[in-house]
Protein chains: 2
Amino acid sequence: MHKRKIGFAEFAGICRNHGLKSTQQRFEIYSELIGSTEHPDAESVYTAIRKRMPSLSFDTVYRAMRTFEEKGAISRVSPGLERTRYDANMEPHHHFICGKCGTIKDFYSEEFNRISTPMEIDELGKAEYVHVEVRGLCNKCRKSKLT
Amino acid sequence: MHKRKIGFAEFAGICRNHGLKSTQQRFEIYSELIGSTEHPDAESVYTAIRKRMPSLSFDTVYRAMRTFEEKGAISRVSPGLERTRYDANMEPHHHFICGKCGTIKDFYSEEFNRISTPMEIDELGKAEYVHVEVRGLCNKCRKSKLT
DNA sequence: ATAAATGCAAAGGTTTTGCAATATG
DNA sequence: CATATTGCAAAACCTTTGCATTTAT
């Protein structure tokens with residue numbers, strides 16, 4: 001299931017379920033996202049909606065999408081990091097990233113090393129590599145949370 | 001193996017292997033990266049080196065790290081995307097991302113769904129989720145490459 | 001000698017913020 | 001009605017770029 005069209009009533013229900021107020025702007029933004037298979041960024045969404053709702057402002061799109069994400073109504077495509085970070089360790093290993101403090105810890109896992117491109121990719125293109133990482137809360141942040 | 005200290009001679013060898021000129025700045029930058037387990041960003045590297053090499057400029061750090069990465073001497077931690085993109089499809093699925101045009105295609109894979117947190121994480125913190133994605137070249141870009 | 005790398009400063013691009021006005025539950 | 005959301009504009013932030021100078025091969 002992908003690319004769906006929803007009415008305001010259904011959207012209002014989704015908002016209620018996530019503790020959000022349902023505004024016309026948010027409806028348009030959410031509609032644009034669920035009606036697309038493009039995984040759009042803020043600008044695409046903004047440009048598309050502007051045609052039918054010229055009063056919409058850019059930061060409303062940004063804010064709405066962040067809010068939807070925080071409340072779990074939509075998800076961010078590839079998590080990424082706040083800034084570019086590098087690793088000079090070139091042997092096969094993986095990363096555990098703390099979502100609270102941003103600490104990145106290396107770990108080694110045979111299991112993860114064995115993950116290979118699924119055949120479902122064949123019809124989409126040529127795979128170059130599979131990226132796997134674990135996100136969570138590091139021990140330090142876990143402790144400080146108890147404080 | 002992690003957190004190593006290297007001398008200029010060894011560094012020069014690494015550069016030669018990757019077709020790079022070995023400068024004092026690059027040596028400091030590379031040393032900082034390989035001598036750290038922090039997966040630092042440009043600013044950390046810059047700040048650390050500035051103490052001993054006050055003439056170093058910020059953009060040299062950026063440029064050097066990008067160059068190291070392009071030549072395969074170091075790697076970027078979590079690939080991420082150029083801008084934040086969202087997905088309203090909340091059922092379990094994964095993404096194939098084309099490194100050329102940026103197109104993101106959904107795919108469904110039982111195999112990927114089954115990937116679970118490796119036990120190696122236990123000593124690092126509490127895992128929230130595993131993120132997996134496939135990077136490569138989409139069919140469209142593959143074709144246009146032949147032209 | 002030639003081509004590449006550096007430093008400087010300025011620009012580029014995306015994302016965020018403060019505030020007054022407005023709309024929602 | 002109280003509170004959250006919007007629009008506007010400006011700022012913040014990370015990263016990149018052009019150019020003259022210096023450096024490595």
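A, B, ... follow the sequence lines: proteins, then strands. Residue 1 opens every chain. In this text, all values refer to a predicted model and were calculated from it rather than measured experimentally.
Listed by residue number, Ser55(B), Leu56(B), Ser57(B), Asp59(B), Thr60(B) are the residues of residues 45-61 of chain B with a heavy-atom contact under 4.0 Å to DNA chain C. Near-neighbour residues of DNA chain C inside residues 64-85 of chain B, defined by a heavy atom below 4.0 Å, number-ordered: Arg83(B), Thr84(B). Within residues 18-31 of chain A, the residues having any heavy atom closer than 4.0 Å to DNA chain C are, in order of number, Lys21(A), Ser22(A).
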* Give the C-alpha distance, both sets of side-chain angles, the deciding distance and a yes or no for side-chain contact (heavy atoms from CB on, under 4.5 Å) between Glu133(A) and Ser78(B). => CA-CA 8 Å; Glu133(A) 67 188 28; Ser78(B) 189; 2.8 Å; yes

* Residue pair Asp87(A), His93(A): steps toward the side-chain hydrogen bond (donor to acceptor under 3.5 Å, both in side chains) verdict -> CA-CA 11 Å; Asp87(A) 193 345; His93(A) 70 285; 2.8 Å; yes

* Where do Asp106(B) and His95(B) land on the side-chain hydrogen bond (donor to acceptor under 3.5 Å, both in side chains) test, with the steps shown first? -> CA-CA 5 Å; Asp106(B) 294 327; His95(B) 294 124; 3.1 Å; yes

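For Tyr30(A) and Phe68(A), the distance between ring centers is under 6.0 angstrom.
Note that NZ of Lys3(A) is 12.5 Å distant from CD1 of Ile34(A), once rounded to the nearest 0.5 Å.
Residues that satisfy the ring pair (Phe, Tyr, Trp, His ring centres under 6.0 Å) test with Tyr46(A), not counting sequence neighbours, are Phe58(A). Residues passing the side-chain contact (heavy atoms from CB on, under 4.5 Å) test with Lys71(A) are His18(A), Leu20(A), Thr67(A), sequence neighbours excluded. Tyr129(B) is linked by a ring pair (Phe, Tyr, Trp, His ring centres under 6.0 Å) to nothing, counting only residues two or more places apart in sequence or in another chain. Legend: residues meeting side-chain contact (heavy atoms from CB on, under 4.5 Å) with Thr47(A), ordered by chain and number and at least two apart, are Glu43(A).
The backbone N or O of Leu56(A) lies less than 3.5 Å from a partner atom in the side chain of Arg50(A), making a donor-acceptor pair.
Side-chain contacts under 4.5 Å among hydrophobic residues (ILVMFWY), followed directly or transitively, place Val77(B) together with Leu81(A), Ile97(A), Ile104(A). Grouped with Phe112(A) in one hydrophobic cluster are Phe96(A), Phe107(A), Ile115(A), Ile121(A), Leu124(A), Val130(A), Val132(A), Val134(A), Phe96(B), Phe107(B), Phe112(B), Ile115(B), Ile121(B), Leu124(B), Val130(B), Val132(B), Val134(B), the linkage being side-chain heavy-atom contacts under 4.5 Å among Ile, Leu, Val, Met, Phe, Trp and Tyr residues.
Protein chain B contacts DNA chain C over a range whose 5' and 3' limits, counting nucleotides with an atom under 4.0 angstrom from a non-hydrogen atom, are dA3(C) to dT15(C). Of all nucleotides in DNA chain D, those with any atom nearer than 4.0 Å to a heavy atom of chain B start and finish, going 5' to 3', at dC14(D) to dT25(D).
Ring-plane geometry between Phe11(B) and Phe27(B) is classed as tilted, the angle between the planes lying from 30 to 60 degrees on a 0 to 90 degree scale.
Among pairs with a residue in residues 9-19 of chain B, those fulfilling salt bridge (charged side-chain N to carboxylate O under 4.0 Å, His left out) read Arg4(B)-Glu10(B), at least two apart in sequence or across chains.
Under a 4.0 Å N-O distance rule, the pair Arg76(B)/Glu69(B) qualifies as a salt bridge.
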